[in-house]
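Have a look at the structure below before the remarks.
Note that ligands are numbered from 1 as they come in the structure, with each ligand's atoms numbered from 1 the same way.
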Amino acid sequence: MPLSDLDDTTRQAIHRAGMLLTDMMTPTLRLGVTGLSRAGKTVFITALIRNLVSGGRLPFFFPEAEGRIERAYLEPQPDDAVPRFDYEGHLETLGADPPEWPESTWRLSQVRITIEYRSKSALRRALGVSRLNLDLVDYPGEWLLDLALLDQSYESWSAAAVAQARDARHEAHAKPWLDFIGTVDPAARKDEQVALKGARVYAEYLKGARAANHVLHTSGPGRFLMPGDLESSPLLTFCPLALEAKRSPPRGSLAAMMARRFESYKAHVVRPFFRDHFSRLDRQIVLVDVLGPLNEGGAAVADLQHALDAVLSVFRTGASTWLAALLGRRIDKLLFAATKADHIHSSSHDRLEAILRVITERAMGRASGTGAEVGVQALAALRATYEAEAKLGDELLPCIVGVPMPGERVGDKTFDGREEAAVFPGDLPENAEAALKPGAAPTGLHFVRFRPPRVLPAGADGEAPALPHIRLDRALDFLLADWLA
Ligand SMILES: Nc1nc2c(ncn2[C@@H]2O[C@H](COP(=O)(O)OP(=O)(O)OP(=O)(O)O)[C@@H](O)[C@H]2O)c(=O)[nH]1
Ligand SMILES: [Mg+2]
């Protein structure tokens, strides 16, 4: 019997039963959003939520384009022990006058958004609107690097870290730490002051190398770069030492104490993160700032490749290993996204995607057994520029226009953060393989940091328009559409 033939009371009863069923059966999709520091995680999550709740322009997110999304709204955070992602705070910063980018975040946070939609299935439509809880989990990609520590001994980790510190790109930053461990005898009696100083100088080296020349890959530990809630915790009071090969450290020695703390770090920091957070993710987006390293040339790109290799080893573990047991349920979709695509002209977006594809294929090469569907995209979660053409002699140059951040320079002009400027960013190389050769020259692109676009009214979140983006809708389609069918 068609639904329309039922009387009102019966129809209402079915509808009420349907709503109750929907409440009970609302599935939850946990989407991990990760990437190395400054990759664009916070901006991505803020823009994603904003576009969903305010019905943004998302023509390639098909559930939205088909008009099936009824509404989306924030729900209270379900996990009491996890900090909530500060969506309102970040939005307020973006809506300030003048607009600012959100501050760097340094720990894991989470937010739930509920999407109400009309299913494609007639049966489910008859039961009323369908619902999906989307939990977005923002965590530093640096923490994934720690997976590699789990099957290393303190001795092998120390040897690798010392070798890396002596490498030319690291040495300038590593010198104080190398000098320091040159003066301590690992076999001497343990001494807390020595451990504290070693840990501090080692952390300074890792952070300094990262900040100065964008060195992305180090032997970790990840929490030395991104301590999260463990800033100045005793769990971080250790560092690698220059050990003598094949001699296990005597009991009571400095080296024995460091080795014990290394093991505690694995047991109390690394394993709980993978067990309590990573293993509960259904899907994952890995954000990558490809443009920065590309612009610096060969060594920086090789370094990015290493960092991604290390980060991605979590997705490569075979099904039978003990690691697989720790990593829990399988991630079935994995999206790599090159962020900040609004720094280049749209004619280069496909090239950016091609370059990221080569980098990730190399890193994921051995991953055919993971079973995850892997996607690659270029996107700008929040588009800060628009395109224009500038005439230079007889030539028309494809430019991008935006408000450069205060202190940014183009030629001999320094910007004050208020004035708009047209910049010719240059073209990305056509041949991705060549751009990624170890000896590749810098791409000669010209990047300027732009202010966020001025679209949100200051401090308000009422009927403000959605945020502009590039290809964010395609990313959403890849990650969410099949759960909204
Ligand atoms: N133009 C442009 N810049 C962006 C975009 N996304 C991020 N950025 C820039 O990249 C910076 C870092 O972005 P965040 O979202 O804070 O990066 P994050 O990965 O959360 O960084 P941490 O919290 O430090 O780990 C921002 O301050 C912006 O300058 C984008 O879509 N367009
Ligand atoms: Mg952040």
Return a yes/no value for K340: is any of its N or O atoms, backbone included, closer than 3.5 angstrom to an N or O of ligand 1? yes
Does F44 reach ligand 1 with a nitrogen or oxygen that is under 3.5 Å from one of the ligand's nitrogen or oxygen atoms? no
Between Y205 and Y202, ring centroids under 6.0 Å: yes
With a 4.0 Å cut-off on N to O distance, would you call D135 and R112 a salt bridge? yes
Residue and atom name of the nearest protein heavy atom (relative to atom 30 (C) of ligand 1), distance in Å to one decimal: L382 O, 3.3 Å
So V374 and T360, side-chain contact (heavy atoms from CB on, under 4.5 Å) or not? Walk me through it. CA-CA 10 Å; V374 178; T360 50; 5.7 Å; no
Could a heavy atom of T339 be found less than 4.0 Å from some atom of ligand 1? no
Please check if any side-chain donor atom of Y117 sits under 3.5 Å from a side-chain acceptor atom of E66, or the reverse. no
Would one find an N or O of R449, backbone or side chain, under 3.5 Å from an N or O of ligand 1? yes
Is ligand 1 less than 4.0 angstrom away from at least one heavy atom of A381? yes
Do the charged groups of R200 and E204 touch, with an N to O distance under 4.0 Å? yes
Closest protein heavy atom (residue, atom, distance) for atom 15 (O) of ligand 1: V43 N, 2.8 Å
Are Y87 and I45 side-chain neighbours, meaning at least one heavy-atom pair lies under 4.5 Å? no
Check D289 with K340, please: is the shortest side-chain N to carboxylate O separation under 4.0 Å? yes
Residues 468-481, side-chain donor-acceptor partners within the protein, below 3.5 Å, at least two apart:
unit_1: H469; atom_1: ND1; unit_2: L472; atom_2: N; d: 3.2
unit_1: H469; atom_1: NE2; unit_2: R57; atom_2: O; d: 2.9
unit_1: R471; atom_1: NH1; unit_2: D350; atom_2: OD1; d: 3.3
unit_1: R471; atom_1: NH1; unit_2: E353; atom_2: OE2; d: 2.7
unit_1: R471; atom_1: NH2; unit_2: D350; atom_2: OD1; d: 3.2
unit_1: D473; atom_1: OD2; unit_2: F60; atom_2: N; d: 2.9
unit_1: D477; atom_1: OD1; unit_2: F62; atom_2: N; d: 2.8

Tell me if the centroids of the rings in F273 and Y139 come within less than 6.0 Å of each other. yes
Judging by distance only, is a nitrogen or oxygen of G40 under 3.5 angstrom from one on ligand 1? yes
Does a sphere of radius 6.0 Å around NZ in K333 hold more than 12 heavy atoms from other residues, nucleotides or ligands, not counting ones at 6.0 Å or beyond? yes
Does P140 come within less than 4.0 angstrom of ligand 1, counting non-hydrogen atoms of the residue? no
Assess whether atom CD of E103 is packed by more than 12 heavy atoms of other residues, nucleotides or ligands within 6.0 Å. no
Any N/O of A39 closer than 3.5 Å to an N/O of ligand 1? yes
For atom 25 (O) of ligand 1, which protein heavy atom lies nearest, and how many Å away is it? K41 NZ, 2.9 Å
Among all the protein's non-hydrogen atoms, which is closest to atom 20 (O) of ligand 1, and how far away is it? T42 OG1, 2.8 Å
Ring geometry between W157 and Y154 (parallel below 30°, tilted from 30 to 60°, perpendicular above 60°): tilted
Atom 3 (N) of ligand 1: the protein heavy-atom neighbour that sits closest, reported with distance to 0.1 Å: W101 CH2, 3.4 Å
Would you check, one step at a time, whether the test side-chain contact (heavy atoms from CB on, under 4.5 Å) holds for Q77 with D79? CA-CA 6 Å; Q77 143 80 339; D79 292 309; 4.1 Å; yes
With 2.8 Å as the limit, jot down which protein N, O or S atoms are around the Mg ion (ligand 2). T42 OG1, T105 OG1
N/O separation below 3.5 Å, S104 to ligand 1: yes
Check whether the side chains of N133 and E75 place a donor and an acceptor atom closer than 3.5 Å, and report yes or no. no
Check whether the ring centres of F450 and F415 lie less than 6.0 Å apart, and answer yes or no. no
Residue-level breakdown please: for H343 versus ligand 1, do any non-hydrogen atoms fall below 4.0 Å on the side chain, on the backbone, on both, or on neither? side chain
What I want to know is whether D342 and ligand 1 share at least one N or O pair that is separated by under 3.5 angstrom. yes
May I ask you to identify the nearest protein heavy atom to atom 11 (C) of ligand 1, giving residue, atom name and distance to one decimal place in Å? R38 NH2, 3.9 Å
Under 4.0 Å from any heavy atom of A380, which atoms of ligand 1 are there? 31 (O)
